[in-house]
Amino acid sequence: MAGSDPAARGTSAPDAPPAPDAVKILIAGGFGVGKTTMVGAVSEIVPLRTEEPLTSAGLNVDDLDGIEEKRATTVALDFGRITLSPELVLYLFGTPGQQRFWFMWNDLAIGALGAVVLIDVRRPESSFAAIDFFERRGIPFVVGVNGFHGQHPYTPEEIRDALALPKRTPVLLCDARDRGSCRDVLITLIDELIASSSHN
C-alpha cells in the first residue's frame, strides 16, 4: 500500500533486537595438537579450512614424532563461528602450527580478545611457543589439554606445573572432537575475559 513504509512517513520501525557482541578468539598451539579438529567440532557453520596434504618436502622440516598418522596441515587459518547466547557470538580463528607459518600469528592476533592454547600431552613442548606468544602480548588465554583417543594421563595441576603456568591460567581437560567439550573450554575463556575486564 502506498505510503505504508514507516520510514517514508518519518516514523521509526519497531525496535529490533540488538545485534550480538562479536568476539574474536584464536585457537592456537603446536603442530598437530587438534586446532582444526576443535574449530570444526564446535563451529555452527561449515568451517573454512586451508589444509594442504603433507608432502615429502616437509619431511625434514615438520616434526611428525607422535603424530605419524597426520596427512594434512593448516597453511593459513581455520575459521568457524559459535553463538554462545543471543548476546554473544564467537568468531574462531585457528592458527597454523608449523614454525614456518608462525609469521602469520601477528596478523591473526589483531583484534583478538583471547585465545585457547591446545596442548597435546604426548608433545607438550610443541605448544610452548604459543603460550609464550600470548603471555608476551598480554592476551588472556586458557589451556585446553586435548586427550587424544579420549585419554588424559595427567591432571590439570600436573600439566600446569610442567608448563610453569601461573595459578590464574585455567587448565582444562578436553576432547577436540567433542562439541560440548570444546564449548566448555570457550565458555571458561569468556568467563576469564569478563572477570579480567571487571578488574580493570
Side chain to side chain contact (heavy atoms under 4.5 Å, CB included) against Glu135, all qualifying residues, sequence neighbours excluded:
Ile131, Phe141, Leu165, Pro166

Once side chain to side chain donor-acceptor pair (under 3.5 Å) is applied, do any residues pair with Arg137, and if so which ones, sequence neighbours excluded?
Asn106

Return the set of residues passing salt bridge (Lys or Arg N to Asp or Glu O under 4.0 Å) with Arg81 (not counting sequence neighbours), or none when no residue passes.
Glu44

Are Met38 and Leu118 packed together at the side-chain level, in the sense that at least one heavy-atom pair is separated by less than 4.5 angstrom?
yes

Test of understanding: with side chain to side chain donor-acceptor pair (under 3.5 Å), list the residues that count as partners of Asp132, not counting sequence neighbours.
Arg136

Measure the CZ-NZ distance between Phe79 and Lys24 for me, rounded to the nearest 0.5 Å.
9.5 Å

Please tabulate, for side-chain N and O atoms in residues 167-176, each donor-acceptor pair with protein atoms closer than 3.5 Å (sequence neighbours left out).
unit_1: Lys167; atom_1: NZ; unit_2: Glu157; atom_2: OE1; d: 3.2
unit_1: Asp175; atom_1: OD1; unit_2: Arg177; atom_2: N; d: 2.9
unit_1: Asp175; atom_1: OD1; unit_2: Arg177; atom_2: NE; d: 2.9
unit_1: Asp175; atom_1: OD2; unit_2: Arg177; atom_2: NE; d: 3.4
unit_1: Asp175; atom_1: OD2; unit_2: Arg177; atom_2: NH2; d: 2.8

What are the two closest heavy atoms between Ile139 and Ala115, and how far apart are they?
CG2-N, 4.5 Å

I need the Asp21 CG to Glu87 CD distance, nearest 0.5 Å.
8.5 Å

Decide yes or no for Ile159 and Pro124: does some side-chain heavy atom of the first lie under 4.5 Å from some side-chain heavy atom of the second?
no

Taking the side chain as every heavy atom from C-beta outward, state whether Ile27 and Asp78 have any atom pair closer than 4.5 Å.
no

Do Asp120 and Asn146 come within less than 4.5 Å of each other through their side chains, counting heavy atoms only?
no

Mind checking whether Leu163 and Phe128 have side chains closer than 4.5 Å, heavy atoms only?
yes

Measuring from Cys182:SG to Ile187:CD1, what's the distance to the nearest 0.5 Å?
11.5 Å

Who pairs with Phe134 by ring pair (Phe, Tyr, Trp, His ring centres under 6.0 Å), at least two apart in sequence or on another chain?
none

Minimum heavy-atom distance between Ala28 and Thr95, given as atom pair plus value
CA-OG1, 3.4 Å

Please name all residues satisfying side chain to side chain contact (heavy atoms under 4.5 Å, CB included) with Leu193, sequence neighbours left out, ordered by chain then number.
Ile25, Leu113, Pro140, Leu189, Ile190

Starting from Ile194, can I reach Leu90 by hopping between I/L/V/M/F/W/Y residues whose side chains sit under 4.5 Å apart?
yes

Restricting to non-hydrogen atoms, name the atom on Ser127 and the atom on Gly29 that form the minimum distance, rounded to 0.1 Å.
OG-CA, 3.7 Å

Same cluster for Val89 and Ile45 if Ile/Leu/Val/Met/Phe/Trp/Tyr side chains link at under 4.5 Å?
yes

Check whether any side-chain heavy atom of Ile110 lies under 4.5 Å from a side-chain heavy atom of Asp107, and answer yes or no.
yes

Under the side chain to side chain donor-acceptor pair (under 3.5 Å) test, residues paired with Gln151 that sit two or more places apart
none

Should Trp105 and Leu26 count as side-chain neighbours, where that means a heavy-atom distance under 4.5 Å?
no

Which value, rounded to the nearest 0.5 Å, describes the distance between Ile119 atom CD1 and Ser126 atom OG?
6.5 Å

Qualifying side-chain hydrogen bond (donor to acceptor under 3.5 Å, both in side chains) pairs, either residue in residues 180-192, two or more places apart
none

Of Leu92, Leu108, Thr36, which meets side-chain contact (heavy atoms from CB on, under 4.5 Å) against Leu77?
Leu108

Check whether any side-chain N or O of Ser43 sits under 3.5 Å from a backbone N or O of Val46 as a donor-acceptor pair, and report yes or no.
no

Could you name each residue pair satisfying salt bridge (charged side-chain N to carboxylate O under 4.0 Å, His left out) that touches residues 139-148, not counting sequence neighbours?
none

Using the ring pair (Phe, Tyr, Trp, His ring centres under 6.0 Å) criterion, which residues pair with Tyr154? Sequence neighbours excluded.
none

